[in-house]
Asker: 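Here you go, one structure.
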Amino acid sequence: MIQAKCQIVEKKQVAEKIFVMVFEHAVIASKSKPGQFVHINLGPGSVLRRPFSVYDTYRDTFSILFQVVGSGTNRLATYRPAQSLDVIGPLGHGYPLEGEKPVLVGGGMGLASLKLLHKRFIDSKKDDVRVILGFSSNVCAVEWPEADVCTEDGSLGKKGIVTGLLNEELKSGADAVYACGPEAMLKKVGDATKGKKIPTYLCLERYMACGVGACLSCVCETKTGLKRVCREGPVFKSDDIIFNETGEKKNSAKKKKET
Amino acid sequence: MIQAKCQIVEKKQVAEKIFVMVFEHAVIASKSKPGQFVHINLGPGSVLRRPFSVYDTYRDTFSILFQVVGSGTNRLATYRPAQSLDVIGPLGHGYPLEGEKPVLVGGGMGLASLKLLHKRFIDSKKDDVRVILGFSSNVCAVEWPEADVCTEDGSLGKKGIVTGLLNEELKSGADAVYACGPEAMLKKVGDATKGKKIPTYLCLERYMACGVGACLSCVCETKTGLKRVCREGPVFKSDDIIFNETGEKKNSAKKKKET
Amino acid sequence: MDISIDLAGIKLNNPVIAAAGTFGNSDEYGQLVNISLLGAVTTKGLSIEPWKGNPYPRMVETVGGLINSVGLQNKGVKDFIADDLPLLRALDAKVIVNIVGKTIEEYAQVASVLDNEVGVDAVEVNISCPNIKKGGSSFGTDPKIAAQVVAAVKKKTKKVVIAKLTPNVTDVSEVAKQVELAGADAISLINTVKAMSVDADTRQSKLATLYGGLSGPAVKPIALRMVHEVSQTVKVPIIGMGGISNTKDALEFIIAGAQAVAVGTATFNNPQTMINIINDIKDYLKDNDLTLKKLSGSLKSN
Amino acid sequence: MDISIDLAGIKLNNPVIAAAGTFGNSDEYGQLVNISLLGAVTTKGLSIEPWKGNPYPRMVETVGGLINSVGLQNKGVKDFIADDLPLLRALDAKVIVNIVGKTIEEYAQVASVLDNEVGVDAVEVNISCPNIKKGGSSFGTDPKIAAQVVAAVKKKTKKVVIAKLTPNVTDVSEVAKQVELAGADAISLINTVKAMSVDADTRQSKLATLYGGLSGPAVKPIALRMVHEVSQTVKVPIIGMGGISNTKDALEFIIAGAQAVAVGTATFNNPQTMINIINDIKDYLKDNDLTLKKLSGSLKSN
Ligand SMILES: Cc1cc2nc3c(=O)[nH]c(=O)nc-3n(C[C@H](O)[C@H](O)[C@H](O)COP(=O)(O)OP(=O)(O)OC[C@H]3O[C@@H](n4cnc5c(N)ncnc54)[C@H](O)[C@@H]3O)c2cc1C
Ligand SMILES: Cc1cc2nc3c(=O)[nH]c(=O)nc-3n(C[C@H](O)[C@H](O)[C@H](O)COP(=O)(O)OP(=O)(O)OC[C@H]3O[C@@H](n4cnc5c(N)ncnc54)[C@H](O)[C@@H]3O)c2cc1C
Ligand SMILES: Cc1cc2nc3c(=O)[nH]c(=O)nc-3n(C[C@H](O)[C@H](O)[C@H](O)COP(=O)(O)O)c2cc1C
Ligand SMILES: Cc1cc2nc3c(=O)[nH]c(=O)nc-3n(C[C@H](O)[C@H](O)[C@H](O)COP(=O)(O)O)c2cc1C
Ligand code: FES
Ligand code: FES
């Protein structure tokens with residue numbers, strides 16, 4: 001992990017509100033492993049950095065794929081090539097490469113953390129790797145030729161959610177699962193392999209402040225206690241995560257109402 | 001006074017840290033009188049607008065001349081042509097046109113409020129108008145061909161301060177004085193014409209919040225009570241202003257120390 | 001869509017109010033804002049005799065906020081009635097007059113003079129003034145004294161009495177409880193937070209005074225918490241304020257327990273803020289199939 | 001240039017300290033910051049037994065600040081001594097251990113356990129914890145109880161005792177006076193300001209808890225005012241904090257009366273903040289021909 005001013009060398013819009021931004025930094029590029037992330041300072045006026053998965057690396061550059069969802073990502077989208085941003089990275093623990101027939105499951109922008117993983121599998125001659133991507137609709141879909149795509153509204157690829165496609169892959173012999181996306185989806189992915197002895201790695205996205213394990217804001221409940229998503233994660237073994245805690249908030253709200 | 005999104009149509013750097021920015025807005029351009037100002041919103045993240053004299057108007061455009069002195073002006077300097085800013089203007093009461101041989105005295109960026117005045121004098125065939133500009137040094141000097149320039153360090157024009165040149169003009173028959181610049185300079189200009197029956201108008205610059213007379217932050221002590229610089233000013237008759245109040249802060253600090 | 005509210009018996013066309021001291025006394029913003037569209041305007045703190053306020057500089061910008069030390073400069077209640085009230089009467093918006101004093105009697109006197117005036121819909125008792133009898137600490141920091149001020153004002157007027165609370169206290173709901181008991185018809189909060197800014201070059205306060213009052217987006221999370229606390233304590237309606245700059249902010253205050261909201265500092269940045277909020281609240285209510293009444297205090301527990 | 005300071009008997013190489021809860025417990029920032037260059041590091045609130053803290057989400061960004069509700073999650077004093085203290089001992093920076101408890105006895109117990117530990121230079125008593133015996137209001141909002149906590153800790157340790165004050169009080173200097181009388185060797189302030197943020201879509205708090213604590217640039221003007229107030233009241237050294245993000249901010253606190261400064265939230269934005277301040281303070285002192293001693297509390301009246 002290092003902190004460095006990184007120049008933006010390219011920025012392209014790949015879909016509505018979705019951008020790829022390429023930064024130049026040899027050390028961050030060479031050290032980044034699939035599933036790791038960078039923590040980006042958005043410049044004067046912002047209090048917290050914003051975390052983004054390392055989407056890809058190429059020679060001295062690394063890139064992120066991001067969607068404009070709020071003020072921070074909106075701000076990020078205003079930066080242009082030749083400008084520089086202060087980046088900390090790579091951070092966290094990425095995905096271990098396991099299995100002969102791995103399946104990569106991305107929901108929405110979660111796909112950003114899987115691109116480099118896919119590349120590494122291909123590099124290590126695991127050609128039998130499958131990619132399943134799910135989007136809410138066509139609007140936010142990002143192209144990935146090898147991927148099986150499904151959308152909730154059927155506007156692109158199959159109509160449905162990723163676990164449908166995942167179950168088919170599991171039937172036809174998939175032996176490792178990697179997923180990143182909304183927590184509701186991750187939970188379903190975890191359920192799909194539960195008890196099946198298929199190593200399943202889930203990448204969590206939680207609000208972060210420090211990104212290095214110092215502030216305890218990004219915690220997640222696991223079977224071995226509270227873990228910091230930024231430091232011990234963002235990738236966890238599916239079996240370890242206790243998902244209830246996340247839903248706890250809404251559940252207890254409901255409960256109180258009922259009593 | 002109106003509030004409107006105004007597009008930047010031109011921006012040029014005229015000296016180190018000094019810019020001219022031209023905005024397009026027919027109403028503000030046509031209504032602006034010499035000595036009036038515009039109040040500019042610097043965009044998301046800033047709390048207060050910043051006031052700038054209307055430097056010039058031309059057809060459907062008006063311009064400001066500004067120096068980067070802090071965070072706000074620094075921000076302003078990052079905007080580029082084709083972008084738009086929210087402007088309120090024209091605000092305040094400008095200079096009345098009086099005298100056959102008027103003298104315009106500008107200190108630093110104070111010159112910005114005099115350019116349009118000069119133009120109006122020429123328009124109304126008062127060709128015998130003199131312009132005296134003083135700068136701390138060559139670095140922040142702005143070109144104005146008709147002007148007599150002096151600098152404190154002698155790096156441009158005469159070495160000295162504006163009141164030297166002003167006194168010469170007064171001797172040779174100047175019959176009205178208009179000044180804008182640091183308050184210490186304005187006080188000296190006022191002293192130079194005191195008791196001389198030469199109408200003298202001073203343009204004050206005070207920290208402003210609302211710009212329209214609502215918040216009472218920009219007050220100035222006058223012989224007829226506290227006045228709002230943004231509403232009753234920024235131009236006041238020299239005789240009316242009670243300058244002590246401004247210096248009061250530092251004076252009383254000293255006094256307390258002595259006791 | 002109807003977004004009118006009943007604020008302790010006064011009918012406001014909508015729940016958006018201009019905060020005291022930030023919108024002038026009459027038509028200062030009249031050329032930029034159609035004032036009649038607002039729910040109400042609150043005028044600048046008014047005392048029995050004219051007050052001069054503090055020396056210049058009176059204002060400094062900070063990150064997300066501003067500190068002011070205007071010091072309640074005003075022309076006194078008589079000139080206000082003569083100069084400004086006629087203009088205010090002509091507005092569709094309701095008129096709340098913010099009143100101040102250096103003794104409890106002075107508050108009562110201002111209220112008494114205003115009691116006969118048509119066009120004044122409510123008086124807002126600004127208990128953040130320095131209490132000269134108590135060595136200058138503000139009336140509003142002591143629940144008992146705060147209640148005494150409100151009771152004294154209540155005695156002198158038939159108008160709606162709003163108590164405006166200061167945030168510079170350990171327990172704002174205790175103050176709220178006491179002013180409610182003393183007869184306040186409504187409560188508004190927060191006033192500015194005591195604050196300071198230093199110029200490292202001159203090594204002096206950036207204001208002519210040592211301390212000033214912080215307002216603007218920076219204080220919003222504090223104001224919102226206090227509005228929620230107070231809403232759990234009192235039954236009278238609450239006007240929430242402190243850093244409200246857009247519709248989301250206004251909604252947060254209403255959800256947390258306010259019946260109405262006031263906008264101050266944000267008007268300096270964009271005079272259209274209140275008008276935008278009025279329009280956008282309607283859209284929000286439509287989209288969420290809610291009424292203002294249902295929305296107010298509808299915060300769900302976690 | 002020498003910018004070392006004597007903080008109640010501890011020699012700090014410079015007056016810049018990492019604030020509790022924002023810099024981890026040992027080497028979390030070690031790969032990005034040369035921790036040995038700091039004046040001191042303060043570790044995360046430590047209790048006698050492990051605390052679980054609050055549920056996620058624990059953090060929300062606001063304009064110029066952030067609200068956290070981490071809730072003092074920590075592994076307890078025993079594991080801290082075993083896991084983290086060895087790393088801390090190896091640093092050049094001094095080590096301040098922030099301690100917490102739900103009863104006065106718990107505070108005293110943590111202090112007692114730490115008293116024997118080499119490498120702990122001071123304990124900072126975080127009296128912003130909820131006092132479970134008093135219905136959850138924080139120890140630090142009542143001057144008497146605050147003093148009792150400090151006195152109890154003082155009894156159990158020979159280490160330097162720093163009392164960390166909460167800003168959520170009417171009169172912070174009264175609390176400061178009482179903890180000084182109770183034996184505090186130094187005072188640090190401010191802790192976070194009680195605050196709230198609501199999601200207008202879900203109509204719930206944005207945190208898993210109802211309220212959290214606001215920190216960052218937004219609170220700086222409030223913190224600075226409180227540091228100045230306290231500096232006018234007590235003789236013990238003051239560690240000023242709250243929103244410090246750059247050298248100018250740090251200088252403001254020192255001029256207002258602090259002997260040292262701590263940086264919290266700004267480190268999240270830029271881990272180099274403290275290092276930059278250390279370097280730039282030297283330049284400022286040189287340029288202005290000043291020493292830290294002369295600078296501290298040198299605010300000129302207006
Ligand atoms: C380890 C990690 C890797 C990530 N990688 C990517 C990536 O490659 N591409 C990408 O587009 N996004 C990624 N995210 C999410 C991204 O950080 C958030 O979208 C971003 O911080 C939102 O900032 P904002 O200010 O625009 O939104 P805000 O205004 O803060 O929030 C807008 C909305 O976004 C949601 N949101 C905000 N922060 C997060 C978060 N941390 N996780 C999930 N939802 C959030 C909130 O629910 C909110 O409704 C990642 C997050 C983490 C923790
Ligand atoms: C009616 C009026 C007309 C003005 N016209 C011009 C103009 O034509 N061109 C121009 O360059 N500037 C003009 N100014 C000054 C300009 O508004 C300030 O320079 C600007 O607001 C500074 O903003 P900042 O955020 O960059 O500086 P800040 O960070 O706020 O302050 C930086 C420094 O600038 C000084 N400063 C800040 N505001 C003012 C102010 N209102 N008056 C005087 N000094 C100030 C402060 O002393 C401070 O040291 C005018 C001011 C007024 C009131
Ligand atoms: C310049 C200024 C003047 C103010 N004057 C008064 C006043 O006279 N009486 C009063 O009760 N509050 C006064 N206030 C406080 C505001 O009415 C409001 O309570 C506070 O600013 C918080 O709201 P905001 O953040 O939207 O500005 C003043 C605030 C400012 C900024
Ligand atoms: C995430 C977070 C955790 C904190 N944890 C503690 C703590 O454990 N003990 C404590 O005394 N203060 C704690 N604080 C308060 C800080 O030490 C500091 O007093 C406050 O944040 C103000 O400084 P800042 O604005 O520079 O962050 C915490 C603050 C934050 C933001
Ligand atoms: S973001 Fe600070 S511990 Fe994870
Ligand atoms: S700036 Fe508000 S009255 Fe002049």
Side-chain angles (χ1 to χ4, degrees), chain A residues 1-5 31 39-51 70-72 85-91 183 204-221 225-231 242-254 256-257, chain D residues 18-19 21-33 41 43-45 50-75 202-209 212 215-218 243 245-246 264-272:
Chain A
M1 135 185 22
I2 63 160
Q3 179 181 359
K5 282 261 162 217
K31 291 211 169 168
H39 211 26
I40 304 184
N41 189 325
L42 303 173
S46 67
V47 176
L48 294 181
R49 291 170 179 257
R50 292 291 188 279
S71 60
L85 287 169
D86 180 337
V87 178
I88 299 176
L91 292 169
E183 293 204 5
L204 293 186
E205 297 188 355
R206 298 236 157 164
Y207 294 99
M208 290 181 176
C210 70
V212 302
C215 73
L216 308 184
S217 61
C218 63
V219 290
C220 156
E221 188 99 54
L226 285 172
K227 291 286 156 66
R228 296 164 298 184
V229 171
C230 68
R231 189 117 182 166
I242 301 172
F243 271 111
N244 328 19
E245 212 244 344
T246 321
E248 212 173 89
K249 205 178 153 185
K250 303 259 152 94
N251 288 344
S252 64
K254 257 193 212 153
K256 278 192 194 154
K257 249 192 172 170
Chain D
T22 65
F23 206 68
N25 265 344
S26 57
D27 64 345
E28 284 85 346
Y29 269 108
Q31 288 182 59
L32 302 175
V33 180
V41 295
T43 56
K44 171 86 195 155
W51 283 6
K52 213 188 150 184
N54 289 317
Y56 174 89
R58 294 174 164 188
M59 186 85 68
V60 54
E61 195 180 10
T62 64
V63 177
L66 66 86
I67 315 180
N68 91 79
S69 61
V70 170
L72 298 165
Q73 177 193 331
N74 80 92
K75 53 173 83 159
T202 64
R203 287 191 270 149
Q204 289 187 312
S205 165
K206 283 192 181 171
L207 299 169
T209 54
S215 62
S245 308
N246 55 46
T265 303
T267 297
F268 302 153
N269 184 274
N270 183 4
Q272 307 312 317

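To find a chain, count down the sequence lines: A is the first, B the second, and so on, and within it residues start at 1.
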Asker: For the backbone of D:Tyr56 and the side chain of A:Tyr207, can you confirm whether one donor and one acceptor N or O come within less than 3.5 Å of each other?
Answerer: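 Such a contact is absent between A:Tyr207 side chain and D:Tyr56 backbone.
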
Asker: Show the nearest heavy-atom pair for residues A:Val47 and D:Glu61, with the distance to one decimal.
Answerer: N-OE2, 3.0 Å

Asker: NZ of D:Lys75 to CG of A:Leu226: how many Å apart, nearest 0.5 Å?
Answerer: 13.0 Å

Asker: At what distance, to the nearest 0.5 angstrom, does CD of D:Glu28 lie from SG of A:Cys230?
Answerer: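 One finds 9.5 Å between CD of D:Glu28 and SG of A:Cys230.
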
Asker: For A:Ser46, does its backbone N or O pair with a side-chain atom of D:Asn269 as donor and acceptor, under 3.5 Å?
Answerer: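 Yes; judged by distance alone, with no hydrogens or angles, the pair exists.
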
Asker: Heavy atoms only, distances under 4.5 angstrom: which of A:Asp86, A:Val212, A:Ile2 has the most pairs with chain D? Name it, please.
Answerer: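 Most heavy-atom pairs under 4.5 Å with chain D: A:Val212.
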
Asker: Say you draw a straight line from CG of A:Leu216 to CG of D:Leu72; how long is it, rounded to the nearest 0.5 Å?
Answerer: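 The distance works out to 10.0 Å.
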
Asker: Report which part of A:Leu42 has an atom under 4.5 Å of a heavy atom belonging to chain D: side chain, backbone, both, or neither.
Answerer: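 For A:Leu42, no heavy atom lies under 4.5 Å from chain D.
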
Asker: Do you know the tightest heavy-atom contact between A:Arg49 and D:Asn270?
Answerer: NH2-CA, 4.0 Å

Asker: For D:Val63, give me all partners under side-chain contact (heavy atoms from CB on, under 4.5 Å), at least two apart in sequence or on another chain.
Answerer: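 Testing D:Val63 for side-chain contact (heavy atoms from CB on, under 4.5 Å), a comparison that skips the adjacent residues, returns C:Pro217.
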
Asker: For the atom pair NZ (D:Lys52) and CD (A:Glu221), what is the distance rounded to the nearest 0.5 Å?
Answerer: 3.5 Å

Asker: Just so I know, are the side chains of A:Ile88 and D:Pro271 near enough to count as touching, which here means a heavy-atom distance under 4.5 Å?
Answerer: yes

Asker: State, yes or no, whether a side-chain contact exists between D:Arg58 and A:Arg206 at a heavy-atom distance under 4.5 Å.
Answerer: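 Heavy-atom side-chain distance check fails, nothing below 4.5 Å.
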
Asker: Among all residues two or more places apart in sequence or in another chain, which pass the side-chain contact (heavy atoms from CB on, under 4.5 Å) test with D:Thr43?
Answerer: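 Residues passing side-chain contact (heavy atoms from CB on, under 4.5 Å) with D:Thr43: D:Asn25, D:Phe80, D:Leu88, D:Val97.
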
